[in-house]
Amino acid sequence: MIVKLAAHSNVWQLEGMEERPSNNNQPATQRDLDTWGGQLTQRIDGVEKRVRGIEDNMSTKDDLERFRAEIVHEFKAAVENITEQLKGANRDEISSLQDGRAIHEERIGRLEERAGLR
């Protein structure tokens with residue numbers, strides 16, 4: 001809210017609020033004060049509502065801590081899942097290599113027999 005003093009009078013003007021005529025240098029009446037007071041009260045109420053709206057949308061420290069804990073939990077679960085999948089893939093690869101080794105040893109044995117090396 002901007003408050004300014006008109007250069008040509010002693011009338012204070014609250015921007016956006018009713019202004020007394022600038023050619024009137026008489027003191028404000030009770031009616032003027034009541035009108036300005038009502039307008040000022042409405043503006044203050046509007047500002048308070050906006051501040052409450054902003055506060056309602058802000059995260060608290062507890063919200064942020066809970067969010068961080070959820071992220072850490074999800075990350076640990078993902079890491080555990082990946083670790084288990086890699087262990088399973090490693091076991092599969094090892095058993096596949098062992099199966100292949102047995103087949104190769106058998107094949108090499110047959111070749112050695114044919115070549116007379118055994």
Glu80, CD atom: more than 12 neighbouring heavy atoms under 6.0 Å: no
Should the pair Arg110-Glu113 be classified as a salt bridge under the 4.0 Å nitrogen-to-oxygen rule? no
List the steps, then state whether side-chain contact (heavy atoms from CB on, under 4.5 Å) holds for Val47 with Arg43. CA-CA 6 Å; Val47 169; Arg43 288 190 135 206; 5.5 Å; no
Are the charged groups of Glu65 and Arg68 less than 4.0 angstrom apart, N to O? yes
For the side-chain contact (heavy atoms from CB on, under 4.5 Å) test, which of Glu106, Glu105, Glu112 pairs with Ile108? Glu112
How long is the gap from CG on Leu40 to CG on Asp45, to the nearest 0.5 Å? 9.5 Å
Under the 3.5 angstrom rule, does the side chain of Asp32 hit a backbone N or O of Thr29 as a donor-acceptor pair? yes
Distance col, row Leu33:CG vs Gln30:CD, nearest 0.5 angstrom, shows 5.5 Å
To the nearest 0.5 Å, how far apart are OG1 in Thr35 and CD in Gln39? 6.5 Å
Can a salt bridge be assigned to the pair Asp63 and Arg66 using a cut-off of 4.0 Å between side-chain N and carboxylate O? yes
